[in-house]
Amino acid sequence: MKTRHLRRIAVTVSAAALLPLALTACSSDSDTSASDSGADKAASSAPAKETKPMDEPFGPGCATVPKEGAGSFAGMAQDPVATAASNNPALSTLVAAVKQAGLVDTLNSAENITVFAPTNDAFAKIPKADLDKLLADKAQLTKVLTAHVVGQKLTPAQLEKGSFDTLAKTKLTTSGSGTSYTVNDSSKVVCGNVPTANATVYIVDTVLMPAS
């Protein structure tokens with residue numbers, strides 16, 4: 001009887017000793033599971049990163065734009081496109097040509113247009129004799145200048161592989177991506193997506209000469 005009684009006591013003591021260990025293990029498993037579940041939930045609820053569309057001027061030529069005043073990006077955004085261009089020193093030859101062709105009011109009064117604006121250096125690529133001849137021929141000058149104007153505002157995304165009608169009734173093509181775009185397979189955008197009051201301007205490094 002004493003032996004049997006001692007065995008019962010030993011079994012009871014052993015069970016009592018093992019019970020806290022079992023409870024601890026269960027608690028640990030439960031905590032780990034809950035932690036994993038929480039991590040999974042947090043991961044699944046994290047918002048996916050979105051790529052924002054480009055909405056600011058871009059390109060190496062933008063560095064030459066004045067930081068302040070009427071010729072700055074903020075200043076140009078307040079004026080219609082011909083007036084805005086007249087405040088940018090890099091576009092003085094273009095502005096003179098626009099005045100020569102009598103297009104200032106036409107461009108300033110147009111709504112929601114895109115202008116591909118050649119720099120002074122772009123006009124300098126044209127032999128002087130040819131440029132002087134162009135400036136003296138108002139009809140041809142008008143055709144050349146309006147071949148740089150599209151009757152809608154174009155975003156950089158639309159330039160990736162685009163074909164557009166110009167005010168000169170010619171076709172203008174664009175290609176590229178990111179911050180690198182080419183117009184008519186010959187002219188590079190050096191400062192793009194510049195806002196004015198009535199237009200978006202893409203400053204280019206070569207004059208776009210329409211086919212005769």
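- Counting heavy-atom neighbours within 6.0 Å of D130 CG, excluding the residue itself, gives a total above 12.
- For K125, the NZ atom sits in a packed shell: over 12 heavy atoms of surrounding residues, nucleotides or ligands are nearer than 6.0 Å.
- For the residue pair K161 / S175, no side-chain donor-acceptor distance below 3.5 Å is found, with atom types taken as modelled.
- Side-chain atoms of L208 and P118, non-hydrogen and from C-beta on, never get closer than 4.5 Å to each other.
- Y202 is not listed as a side-chain neighbour of V115, based on a closest heavy-atom distance of 4.5 Å or more.
- V201 and V207 fall within a single hydrophobic cluster, where Ile, Leu, Val, Met, Phe, Trp and Tyr are joined by side-chain heavy atoms under 4.5 Å apart, directly or via other members.
- Within 6.0 Å of CD on Q152 lie more than 12 heavy atoms contributed by other residues, nucleotides or ligands.
- Contact annotation: the side chain of F164 never approaches that of T114 to less than 4.5 Å [non-hydrogen atoms, C-beta and beyond].
- Under the 3.5 Å distance criterion, the side-chain polar atoms of S180 are left unmatched by any main-chain donor or acceptor of G176.
- Residue K153 qualifies as enclosed at atom NZ: its count of foreign heavy atoms under 6.0 Å is above 12.
- By the criterion of side-chain heavy atoms lying less than 4.5 angstrom apart, applied directly or through intervening Ile, Leu, Val, Met, Phe, Trp or Tyr residues, L145 is not grouped with L154; the two fall into different hydrophobic clusters.
- Taken together through direct or relayed side-chain contacts under 4.5 Å among Ile, Leu, Val, Met, Phe, Trp and Tyr, I203 and V81 form part of one hydrophobic cluster.
- Checked by atom type and distance alone, the side chain of N198 pairs as donor or acceptor with a backbone atom of A110 at under 3.5 Å.
- Between the side chains of T173 and D185, no donor-acceptor pair is found at a separation under 3.5 Å.
- Side-chain contact between D79 and T196: absent, with no pair of heavy atoms (C-beta onward) separated by less than 4.5 Å.
- Under the 3.5 Å distance criterion, the side-chain polar atoms of N87 are matched with a main-chain donor or acceptor of T83.
- In this structure a side-chain-to-backbone donor-acceptor pair under 3.5 Å is missing from S187 to V183.
- Of the possible polar contacts, none joining the D205 side chain to the D121 backbone as a donor-acceptor pair under 3.5 Å is found.
- Note on L172: it does not cluster hydrophobically with V144, by side-chain heavy-atom contacts below 4.5 Å among ILVMFWY residues.
- Cluster annotation: L131 is not connected to F116 through the hydrophobic network of ILVMFWY side chains, with a link wherever side-chain heavy atoms come within less than 4.5 Å.
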